[in-house]
4 protein chains.
Amino acid sequence: MFSAALDAFSTNGFNGASMREIATRAGTSLSNLYNYVPAKADLLAHVLKRANDDLLAALRAALETAGDPASDRLRAVVSAYVLWSARQQTAGVVAISEFRYLEGSLREAVVEARDRTQQLFTDIVESGVASGEFHTPYPHEAARNIVLLCAALANWYHADGRRTPEQIADEQAHLALAMVQSPLE
Amino acid sequence: MFSAALDAFSTNGFNGASMREIATRAGTSLSNLYNYVPAKADLLAHVLKRANDDLLAALRAALETAGDPASDRLRAVVSAYVLWSARQQTAGVVAISEFRYLEGSLREAVVEARDRTQQLFTDIVESGVASGEFHTPYPHEAARNIVLLCAALANWYHADGRRTPEQIADEQAHLALAMVQSPLE
Amino acid sequence: MFSAALDAFSTNGFNGASMREIATRAGTSLSNLYNYVPAKADLLAHVLKRANDDLLAALRAALETAGDPASDRLRAVVSAYVLWSARQQTAGVVAISEFRYLEGSLREAVVEARDRTQQLFTDIVESGVASGEFHTPYPHEAARNIVLLCAALANWYHADGRRTPEQIADEQAHLALAMVQSPLE
Amino acid sequence: MFSAALDAFSTNGFNGASMREIATRAGTSLSNLYNYVPAKADLLAHVLKRANDDLLAALRAALETAGDPASDRLRAVVSAYVLWSARQQTAGVVAISEFRYLEGSLREAVVEARDRTQQLFTDIVESGVASGEFHTPYPHEAARNIVLLCAALANWYHADGRRTPEQIADEQAHLALAMVQSPLE
DNA sequence: AATGAATGAGAGTTCATTCAT
DNA sequence: TATGAATGAACTCTCATTCAT
């Protein structure tokens, strides 16, 4: 049911998707949808919250197995984010494009999850600068750029492209390290 | 009338904006809108086409006064794009988010304009690599990333922020040069 | 609901009748109408299909109790058609005037029903000619004329006229027999 | 301009044809239409009046060259009407189907013209009965039937059919004479 | 947990008509 | 005579949501 909503939102956008369409995709009746969710906006909120939590979990898991150096950690989270964007592409697309239609308290919960994700990258970049690994004069901006690029991948990635998600992850990790001015062999 | 549509689309999205709202913003009646535009989709197409053309013109103008080195040219187009995104923020937002709702032949015209913009960046990065100025092993991917970051600025820039558009332009130019692995003093 | 549509179509024509009007006549709301019928065109199709099927059933029933001679059978179907046109006048009017607004596959179903009705008359007239009862040199044309006249009755009949439907049926049967050149006492 | 209206009405019906469409067909602008005609209804009235007058003139002309016997006169007017229906088919179609949308004083003028046409046929049939040429017991009904059949021709005639209008005229004249029970060789 | 019927608001679009020029 | 801009009402149809069962 939530995945039906996710698909519908990713295809037609929040305003372009109808509750009827979502119900049909979910294989149930329109009215039954309202036994699970009080309103359309809650569907979006749930979907976005879940996507962000899932992403955050993936990033944290990647960090746990990463080495100490900031470059290792940055490589790990970038890779993890890229792979997540490729595998959860519809969720990624919706997270990017439909967040703006969230309102009220539902919005705040999602904002918080996003902020935590952003903070995770910022921390890594700043610690790298502090330790002398990275030499960028703009750690905060670089971190934001890196997150934006990882997220944007959901918009342009095609599963049938000629590069695997793993290759793309390597490329993006390299480009991220370049952006923070980490020495590259 | 087109600026009314632009505002409406940027505020509520293509599907969230109504022709009635656009007409009101434009200071005319709903039915009179249809004396100028055959359908809502054409409003979007016109607005997107104009934004892309305007951006492309700004980029080309910046290139004309730039020096020969690829780093100078990259700095010039990144700066120009960032400034455009800050100044034409609503157009930038709509260009990013609502492009997906374009269909048919209207879509193709906009796709072409976007491709030309992208090509402009790709050409610079590749020439920089060829001349030995840039050392990135991923010129194509770096160019895409740079364009994405310039465009994304429209989504997060706040006019009342503590940094001026010019400062942001300098930062982003620096980060772009770092990403293509250009020597930075 | 279908009878509401029938009334509306007969009064104002297909294009002149509005879905709102039909909903009001049916005692429900405009939007609820669309829970039963996907589009206005389907209302017309349903109404026409039903009218034609009903008519065809009446004609066949009349044939079953008719004697063997072609003149008896022709008299029977003309009578039955005339009575049907008088009693189902609104259906008759709509069947004549609004058929032209049917499109696509819905149209074909109705065309088929009409063809069957026509064929029924043609068969009788041709068999009468073959058996020597009728002497018209134009059986096919005569049969079409007869059907047209029976149908047209819905357009001019007035319930408060001075002749009963049964009298009119007798007259029209007589005139039909005259047209096919059957001996009249 | 009136012929543009005629075409539009015959194709889409009175309610289905728009003033814009009529203007376009006439090769002028929508607003200029209103320099010639005060309202859409007047377009219909004019077109119908003209068609009926034209038909009536054709029938009277046919009568002038016809012989004295009622059968000759009936043959003449039926032929003339059939030929008119075939040649002025669109006018004939509109005269049949769209008359119902006429209202008010415009309607009366057209009703009068139609009545005169009907009367012309009734007079002939009744005189034939009086003179002993026709033996129908239902002269009035026969006359109405004949007029209906002549008019209906506009609905089913196809110019590319295998019979010429003249042949059809002969057939219909024969069938009309049969209906009024005139001796046929 | 599930359904079909119902609703009022609103969507995009077209209508016949008018007005200023 | 001719135009393009303008208008308010109406169009078909869809919306998110509710209710009775």
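Every chain is numbered from 1 and lettered A, B, ... according to where its sequence line falls, protein lines coming before strand lines. All values below come from the heavy atoms of this structure, side chains included, with hydrogens, waters and symmetry mates left out.
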Is any side-chain heavy atom of A/Phe99 less than 4.5 Å from a side-chain heavy atom of A/Val111?
-> yes
Should the pair C/Lys49-C/Asp53 be classified as a salt bridge under the 4.0 Å nitrogen-to-oxygen rule?
-> yes
Under 3.5 Å, is there an N or O donor on one side and an acceptor on the other linking the side chain of C/Asn35 and the base of E/dA6?
-> yes
Could you check how far [atom1] of [X] sits from [atom2] of [N], rounded to whole Å?
{"X": "B/Leu33", "N": "F/dG4", "atom1": "CG", "atom2": "P", "value": "18 Å"}
{"X": "C/Glu21", "N": "F/dA10", "atom1": "CD", "atom2": "P", "value": "13 Å"}
{"X": "C/Asn32", "N": "F/dT12", "atom1": "CG", "atom2": "C1'", "value": "16 Å"}
{"X": "A/Tyr36", "N": "E/dT3", "atom1": "OH", "atom2": "C1'", "value": "12 Å"}

Of all residues at least two apart in sequence or in a different chain, which pass the side-chain hydrogen bond (donor to acceptor under 3.5 Å, both in side chains) check with [X]?
{"X": "C/Asp42", "result": "none"}
{"X": "A/Arg25", "result": "A/Glu21"}
{"X": "D/Arg20", "result": "none"}

For C/Asp115, salt bridge (charged side-chain N to carboxylate O under 4.0 Å, His left out) partners two or more places apart | none
What closest approach, in Å, do C/Asn52 and C/Ala113 show between heavy atoms, and which atom pair accounts for it?
-> CB-CB, 3.7 Å
Grab the two heavy atoms, one from A/Leu102 and one from A/Arg107, that are nearest each other, plus how far apart they are.
-> O-NH1, 2.9 Å
Stems field, DNA chain F, Watson-Crick or wobble, 3.5 Å, at least 3 pairs, by first number, holds E:2-21 with F:2-21
Quick one, give me the B/S/- string for nucleotides 16-21 of chain F, reading 5' to 3', where B means a protein heavy atom under 4.0 Å from the base and S means that only happens at the primed atoms, P, OP1 or OP2.
-> SBBB--
Taking OP1 and OP2 of E/dT7, is either one under 4.0 Å from a side-chain nitrogen or oxygen of C/Thr28?
-> yes
